[in-house]
Amino acid sequence: MNAAMSIDANRELSAATGSAWQGRILLFATLLCLFLIPAPSAYGTPVVGLTALGLAIYLGGIRHFYDSYRPALCALLLLVIANVSTALVPARALSGAYDLMRSVLPMLPALWVAERAPRDLVLAGLKACAAALSLAFALLCLSLGDSPDLMGQIYAWCELHFGNVHNLINLSTIVLLALVVILAFERAHWQRLVFLGLLSFGLWFQWLLESEGTYLALVFCVFAWVALRFGGWLRILAVLALLGAVIGYGLLMAYPEAFKSATRLSLGGFEIRAGLNARLLDLVADRPWFGYGMSNYKGLPGTEVEGMAFVYPHQIYLEALFSFGVVGSVLFAAVLVGLFRYSSRAAILSDPLAMLGFLLAVYLAGKGLTDMKLIALQPLGLFMMAAGFMARRPGVTRPVPATPVR
C-alpha cells in the first residue's frame with residue numbers, strides 16, 4: 001500500500017513539474033510574441049505564436065475561454081458573415097475575415113499567463129526581453145553611427161530588413177512601455193538605476209525616429225494612466241485633457257489649412273493624413289451602412305490622394321467605418337467590449353502584465369488615429385493580448401499579485 005501511495009505521489013510530482021515547465025515555456029513564448037508581433041514573419045513570430053497558442057490549448061485554456069467570451073465570439077462570427085456577404089469584393093473580405101479571426105487567438109495564451117503565471121517570473125521575463133531588445137536598438141545605432149544622418153540610415157535599414165520603419169517604431173514603443181512597468185514594480189535600487197538608464201535610452205530612440213503619431217499616443221497614455229490611477233479633480237482634468245487632445249487632433253485633420261495659416265507651422269506627416277481622412281469620409285458617405293468590406297481599400301478607384309495610392313487607410317476608426325459601415329462598426333465595437341469585459345482596474349494597478357496591457361491598449365488606440373492598419377495581426381493581435389493581460393475572470397485561481405503601485 002505504501003509503495004502504491006509512493007508511486008501515486010511521484011506521478012503527481014512529475015505531472016506538476018512537467019506542467020510548471022510547460023507554463024514557463026508558455027510564459028516566455030507569450031512575451032516573445034508580444035514583442036515580436038510588429039516584426040516581420042522572418043523574425044519567427046508565427047512559430048513563437050503557434051507555440052504559445054498550442055501550449056495554452058494543451059493546458060486547458062480554450063474551454064474556459066469559450067465559456068467566458070461566447071457572446072463576443074458569436075458576435076464576431078455574425079460580423080464576419082455580414083461583412084463578407086455585403087462586401088464590394090467578397091473574396092478580399094474573406095481574406096480580411098481570416099486576419100480578423102486569427103487576431104483573436106493570441107488572447108488565449110495572454111489570458112493563461114496573466115491569470116496563472118507567477119508574477120516574479122513574469123517580471124523577470126519582461127526584464128529579459130526589454131533589456132535584450134534595448135541592447136539590439138543600441139547596437140543598431142552604433143553600427144550606423146558613422147553616418148551624419150542616423151535617422152535616415154535607420155529608416156533605410158528598416159526598409160531592407162524590418163518591413164518598414166513603423167514596425168520598428170511600434171516594437172521600440174512596446175519596449176518603452178515595458179520599461180515603465182518594470183520601474184513601477186522593481187524594488188531593487190541597482191536594478192531601478194539600470195532600467196532607468198534603459199528607459200532614458202528608449203526615450204532618446206523615440207525622439208530619433210521622429211514619429212509624431214507615437215508622441216501623440218504616448219501623451220494619451222499619460223493622461224489615461226492619471227485618469228485611471230487617481231480620483232477627484234485630477235481624474236477629471238486628465239479625462240478633459242484626453243478628450244481635448246482627441247478633439248484637437250480631429251479639428252487639425254478637418255481644418256489643416258486653417259491651422260497652418262494661424263500658426264505658420266508645418267504639419268509634417270499629419271498633412272498627408274488629413275487628405276487621407278477627408279477622402280475616406282467621402283468614400284464612407286457613398287456606402288454608409290455596411291461599408292465596402294474588409295481588405296477592400298487597396299486598389300479601389302478614387303482612393304488616391306495627391307496622386308499617391310495607399311495600401312490601407314492609415315486610420316483605424318475610419319478604416320472600421322470604411323470596412324464595416326455604421327452597422328458593422330457598432331457590431332465590431334460590441335465584440336471589443338465583450339472581449340475586454342473582464343478588464344480589472346485593481347489588476348492594472350497591482351499587476352505588471354495588466355498594467356502593460358492597459359498602456360499598450362491606450363497606445364494602440366492613440367496611434368490608430370494617425371498611422372495604423374486595423375484588420376491585421378498588428379494591431380488587433382496586440383489589442384487582444386492587452387485584453388487578456390487585463391482580464392481577471394471569476395472562478396480562475398491565480399497567484400498572489402505583485403506589490404501594488406503606490
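As a basis for the values below, the full set of heavy atoms in this structure was taken, side chains included, without hydrogen atoms, waters or symmetry mates. We number each residue from 1, following the sequence as shown.
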Heavy atoms only: give me the nearest [X]-[Y] pair and the separation to one decimal.
| X | Y | answer |
| --- | --- | --- |
| Val48 | Leu36 | CG2-CD1, 4.4 Å |
| Ser134 | Val175 | OG-CG1, 3.7 Å |
| Ala320 | Ser329 | O-OG, 3.2 Å |
| Ala82 | Thr86 | O-OG1, 2.8 Å |
| Pro40 | Gly163 | CG-N, 3.7 Å |
| Gly381 | Pro106 | O-CB, 4.1 Å |

Self-check item: More than 12 heavy atoms from other groups under 6.0 Å of CZ on Phe290
Solution: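 No, CZ of Phe290 has 12 or fewer neighbouring heavy atoms, counting only those of other groups under 6.0 Å.
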
Quiz prompt | More than 12 heavy atoms from other groups under 6.0 Å of CD1 on Ile62 | solution =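 Atom CD1 in Ile62 is not crowded, with 12 or fewer foreign heavy atoms closer than 6.0 Å.
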
Donor-acceptor pair, side chain of [X] and main chain of [Y], under 3.5 angstrom:
| X | Y | value |
| --- | --- | --- |
| Glu319 | Leu374 | yes |
| Arg102 | Leu100 | no |
| Thr45 | Ser41 | no |
| Asn83 | Ser323 | yes |
| Tyr215 | Trp207 | yes |
| Tyr249 | Leu369 | yes |
| Asn170 | His166 | yes |
| Ser343 | Met390 | no |
| Asp67 | Phe65 | no |
| Asn167 | Phe162 | yes |

If we ignore angles and hydrogens, is there a donor and acceptor under 3.5 Å between the side chains of [X] and [Y]?
| X | Y | answer |
| --- | --- | --- |
| Gln206 | Ser172 | yes |
| Lys373 | Gln378 | no |
| Tyr155 | Asn164 | no |

Approximate separation, where rounding is to 0.5 Å, of [X] [atom1] and [Y] [atom2]:
| X | Y | atom1 | atom2 | value |
| --- | --- | --- | --- | --- |
| Leu336 | Arg341 | CG | CZ | 14.0 Å |
| Leu26 | Leu53 | CG | CG | 9.5 Å |
| Leu283 | Leu321 | CG | CG | 11.5 Å |
| Leu27 | Arg116 | CG | CZ | 14.0 Å |
| Phe137 | Trp204 | CZ | CH2 | 12.0 Å |
| Arg92 | Ile375 | CZ | CD1 | 14.5 Å |

Quiz prompt | Worked verdict on Phe324 versus Leu331 for side chain to side chain contact (heavy atoms under 4.5 Å, CB included) | solution = CA-CA 9 Å; Phe324 302 125; Leu331 187 55; over 6 Å; no

Quiz item: Are Asp371 and Lys367 ion-paired here, with the side-chain N under 4.0 Å from a carboxylate O?
Solution: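 Salt bridge between Asp371 and Lys367, a charged N being under 4.0 Å from a carboxylate O: no.
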
Quiz prompt | Basic-acidic side-chain contact under 4.0 Å: Glu115, Arg392 | solution =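 Not counted as a salt bridge, because no side-chain N and carboxylate O are separated by less than 4.0 Å.
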
Practice problem: Find out whether the Lys NZ or Arg CZ of Arg287 is both under 6.0 angstrom from the six-membered ring centre of Tyr292 and within 45° of the ring's axis. | Solution: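 Yes, a cation-pi geometry holds between Arg287 and Tyr292.
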
Quiz item: Should the pair Arg24 and Trp21 be classed as cation-pi, given the thresholds of under 6.0 Å to the six-membered ring centre and 45° from the axis?
Solution: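 That pair qualifies as a cation-pi contact.
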
Quiz prompt | Tyr43 vs Leu171, side chain to side chain contact (heavy atoms under 4.5 Å, CB included): CA-CA, chis, key distance, verdict | solution = CA-CA 13 Å; Tyr43 286 77; Leu171 172 57; over 6 Å; no

Self-check item: Working for side chain to side chain contact (heavy atoms under 4.5 Å, CB included), residues Ile154 and Phe205
Solution: CA-CA 11 Å; Ile154 291 176; Phe205 194 60; 4.1 Å; yes

Evaluate the side-chain proximity of [Y] to [X]: yes if any heavy-atom separation is below 4.5 Å, no if none is.
| X | Y | answer |
| --- | --- | --- |
| Ile348 | Arg229 | no |
| Val335 | Val104 | no |
| Pro313 | Leu318 | no |
| Ile236 | Phe230 | no |
| Tyr297 | Leu280 | yes |
| Leu218 | Val222 | no |
| Glu212 | Leu216 | no |
| Val113 | Leu353 | yes |

Exercise. Assess whether side chain to side chain contact (heavy atoms under 4.5 Å, CB included) is satisfied between Met385 and Thr30, documenting all intermediate values.
Key: CA-CA 9 Å; Met385 293 190 80; Thr30 302; 3.7 Å; yes

Quiz prompt | Proximity of Tyr342 and Tyr69 rings by center, below 6.0 Å | solution =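 They qualify: ring centres under 6.0 Å apart.
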
Quiz item: Is the ring centre of Phe358 less than 6.0 Å from the ring centre of Phe389?
Solution: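 They do not qualify: ring centres at least 6.0 Å apart.
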
